[in-house]
Amino acid sequence: MSGQPFRLASGGLIDRAQALDFSFDGKSYRGFAGDTLASALLANGVRLVGRSFKYHRPRGVLSAGPEEPNALVELRSGARREPNTRATVVELFDGLEAASQNRWPSLAFDLLSLNGLLSPALVAGFYYKTFMWPAAFWEKLYEPLIRRAAGLGRAAGLEDPDHYDKAFAFCDMLVIGGGPTGLAAALAAGRSGARVILCDEDFRLGGRLLAEKREIDGKPAAEWLAAALAELESLPEVRIMPRTTIFGLYDHGIYGAVERVGDHLPEPAPRQPRQRGWRIYAKRAILAAGALERPVVFPGNDTPGVMLAGAVRTYVNRYGVLPGRETVLFTAGDDGWATARDIAAAGGKVAAIVDARSDADPVRKGLADKLGARLFVGGVIEGASGGRQLAGVTIRDASGATSSVTCDLLAVSNGWNPTLHLTSHQNGKPVWDDDLHCFVPGTLPAGLSVAGSAAGRFTLAQALEDGARLGREAVAEAGLTPAGAEPVPATDPETAALQPVWRVKGAKGKAFVDYQNDVTDKDVELAAREGFRPVEHLKRYTTLGMATDQGKTSNLAGLAIMAEQTGKTIPQTGSTTFRPPYTPVAIGALAGHHRGKDFRLTRLAPTHGWSKEQGAVFIESGPWLRAQYYPKPGESDWLTTVNREVLAVRSGVGICDVSTLGKIDIQGADAAEFLERVYTNGWKALPVGKARYGLMLREDGFVMDDGTTSGLGESHFLMTTTTANAGKVMQHLEFCHQVLWPEFDVRMVSVSEQWAQASIAGPKARETLRGVLDPEHDISNEAFPYLAARAVTVGGGIPARLFRISFSGELAYELAVPAGYGDAMMRALMRAGAPFGITPYGIEALGVMRVEKGHVAGNELNGQTTARDLGLGKMMSSKKDYIGRLMAQRAALAEKDRPSFVGFKPVDPAQRLRAGAHFIGIGQAAAMENDEGYMTSVAYSPHLKHWMGLGLIKGGAARIGERVRAYDPVRNGDIVVEICSPVFVDPEGARLHG
Amino acid sequence: MRITCPHCGARDAQEFTYLGAADPQRPDGMAATEAAMFDYVYLRENPAGPHRELWYHGAGCHAWLVVTRDTRTHAISAVEPAKNRKAGAAA
């Protein structure tokens, strides 16, 4: 096996016919299909895979699963570079590029490993102690220094080129974990016809069956596994999802999952996402997530070559990799012995077995003899040496005598912790089990049961029994009839006796509790001495259990050492509350396609195509794209264009799309009464065929929205709202009706999308309109005066609505047609207006004209202004109740010096005004206490040839003629402005009524 | 969370908008004191336990619903249209 010196000659679930080339830190290696990056690195004899977070200590692969704290690598390059991927779960593919993290200048020679020598300064809480003074040094010196020295991988810093998808699934039963327990559960449920989803984070189903040499029904477990998978695949209602991690349990049986669709490929397949975020709605779920093995805390326990004993079995049996030539086993229970047996069976050498238990069991003695291993009963590992590669261990035997044993692999077995994370996502607290020496699930969330190792039932027999029983129970609870029970298959005998060793005492050197955060047993002791004893304090003070692995291998040892320091038991000391996600989830998988411009939907008016043809520049307005202005060739900037559009409207005729305004159709015998309640002004006297401006308050008395509402019939009204507030107003009206006044006979529906609407404004508006209306409609000033609103027809009988309303202050109409006719309407109006030079104008020009006319808009309706503030106090009826009436009368809202609405013009007409500028008395300092209000809107009036502004200033209209400073420190603006009427153009309204 | 809308069935909470307590009754703005209206607008109980609250099914039937939700567990014990409740209370 040239090039893969640690690969076994045969065996394992890898495809030796399919070689895969990959690189690590620029060096090329070869592995096989079915490998993980970790197994391929180990096969190639690569032990050193990373440097630790704080001390830059050399680190190797510890585990073979998602709990890995050490082997974090940067995967891929360029925009696809992904930091902190766990080599133990990265599926190998051809061309994979990986790089080690947190080393400088190289992995083998890391200058910052000097941090280890400085370690007295880097103990728990060192941030708080060392870098206290002087404060100014923090930002400039300490933080960059720490960031350089400590840390994990680097983000790509480029936009992610891949797609992510969101998906939804519904099932009777969700099975979390595809090991023996999960498979038995899925079979029991699937046979009944239940809709089952079986998820496993691994790319191959089988769980520990893939890693162990076990027998089921007298045959190799692989045969049972193959048969189980074949049967599940044959069941039409069973969906098997490998590479899918259930990362969170949410309210009401909703499970969050991430499916790694293309992570095992160099890049995702065409038209496929890289990952898919799932929301799974399950009537019942079974947690069969297995268990995670625990390391032991002893000096040098982080040396590359120290590995969990179960992980060693995974590498030997599943990947055909023997991770060392000479192994020492350090075990606290029966389970570790399987590692010694499997290593020997694979042809490896077991130099010594250190069993921490003091009872001299003859069976174990016999096995050690058979393997040719020295046996240390009641012994411990006191130290591991070798630095970048394990070279030997110091064993202290029961008598206290020490001996050194040469080895390059130390397998550590200290029992397992149930993978119960999901049971705690809904506040369930794990409970301590004295017999099993681990936390087991406590109160379970509704709809979830826990089976097998995840419940502390660690043997294969228990796994198969639990799965079958709970699978059938879950089916019944989901309201289905379980199929007849099949006998639980028999397994080969196993024992799980254990006497865990939390740490080896009386030994010298750094002993790591949390590998990922470089937290040692001394740090936990220090936290205890300094009073950070509650488990949440311990975590925050030492960082134990933080970062990407969330303490999967470290939490319990940390608790145990704290318990020992405080003289309490582990359960008295506490337990960690696990929160989602179980393992890191890419934000992309949560966002799906909702990123960039697709973060939210973009809505296009029915006239959008026409606007585009006219060369419109679009701007977002609420969810809509609206034409901002229509530049013509040769126009150098937006202001030139807008000025042209404004002048064209005021001198001839212009056309503007207003389809995006909210439109709500309100009908019913009590419709007028309903309007009375939601608007401040009166509506009962509104005649059919008339429009009226209405003002709406929130119940707290501040202005919510404005718009016109037209009487289309005795009990039929059409309300318009601002574009941005359309949805909010609809919701508000539904609230007023359904919650406050359900006795009203009224119905309402949004018709915003049903009608396309255009504003035709300017002295030639009537003549233009004449060209599209059917001839029978009289729109003379007498027959169709200002604020008339009526159903008409256009283009030979097409139903339409015509409103004589104006935002620009010109003679203006709004014409509405069914949305499908919107495009045709714009073209017809352009033809009809051509003799008058009709000009399309956008919302910039509209905005200029509304400032010229002193109309309030979004900048003034900002949620902090009252009707009085805006000079609309007269619209507040005193004769009826309406939303906001009473609260608007509060004394503070009626105070005379509240900033209120007026116009502003520069004293020097050449000066530009800026929205946001604050008003300060002339001669007064620019300080908060002299602030009198601010400019809300500004525009350049091509009519007046100077800038004009609208704003809110203390005293308001009473100060017309006075001069103040408009102070704008952000843009170095400080000019003198004169307070004036907000109506700059045609104050008499002659144009409007013409 | 999922809310079982009386009109649309069990739907994801994303389809709904939360407002707040369902029980405060709006006083008549012509007759009420400012203090009574102030209470209605601003003052709310903050119970640890069952809470009757208003949700709007904006991405569904547009119904305002009174949902009884346990604030400690999010368990929902009842959902009814707000409209019915008022009619029932008046009767």
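Lettering of chains follows the sequences in order, A, B, ..., and the numbering in each one begins at 1.
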To the nearest 0.5 Å, what is the distance between [atom1] ([X]) and [atom2] ([Y])?
{"X": "Asn427(A)", "Y": "His74(B)", "atom1": "CG", "atom2": "NE2", "value": "9.5 Å"}
{"X": "Leu886(A)", "Y": "Thr33(B)", "atom1": "CG", "atom2": "OG1", "value": "7.5 Å"}
{"X": "Tyr56(B)", "Y": "Met730(A)", "atom1": "OH", "atom2": "CE", "value": "5.5 Å"}
{"X": "Lys879(A)", "Y": "Met30(B)", "atom1": "NZ", "atom2": "CE", "value": "10.0 Å"}
{"X": "Phe735(A)", "Y": "Arg26(B)", "atom1": "CZ", "atom2": "CZ", "value": "9.0 Å"}

Which region of [X], side chain (C-beta onward) or backbone (N, CA, C, O), has a non-hydrogen atom less than 4.5 Å from a non-hydrogen atom of chain B, or is it both or neither?
{"X": "Arg279(A)", "result": "side chain"}
{"X": "Tyr250(A)", "result": "neither"}
{"X": "Tyr882(A)", "result": "backbone"}

A side-chain contact here means heavy atoms from C-beta on lying under 4.5 Å apart; do [X] and [Y] qualify?
{"X": "Tyr40(B)", "Y": "Glu699(A)", "answer": "yes"}
{"X": "Arg885(A)", "Y": "Met37(B)", "answer": "no"}
{"X": "Ile76(B)", "Y": "His252(A)", "answer": "yes"}
{"X": "Tyr42(B)", "Y": "Met887(A)", "answer": "yes"}
{"X": "Leu19(B)", "Y": "Val739(A)", "answer": "no"}
{"X": "Val41(B)", "Y": "Arg698(A)", "answer": "no"}

Heavy-atom pairs under 4.5 Å with chain A - which of Ala32(B), Ala63(B), Ala13(B) has more of them than the others? Ala63(B)
With respect to chain B, which residue among Lys880(A), Gln426(A), Gln889(A) yields the maximal number of heavy-atom pairs within a distance under 4.5 Å? Lys880(A)
Can any side-chain N or O of Gln738(A) pair as donor or acceptor with the backbone N or O of Trp64(B) at less than 3.5 Å? yes
Polar side-chain atom of Asp881(A) near backbone of Gly29(B) as donor-acceptor pair, under 3.5 Å: yes
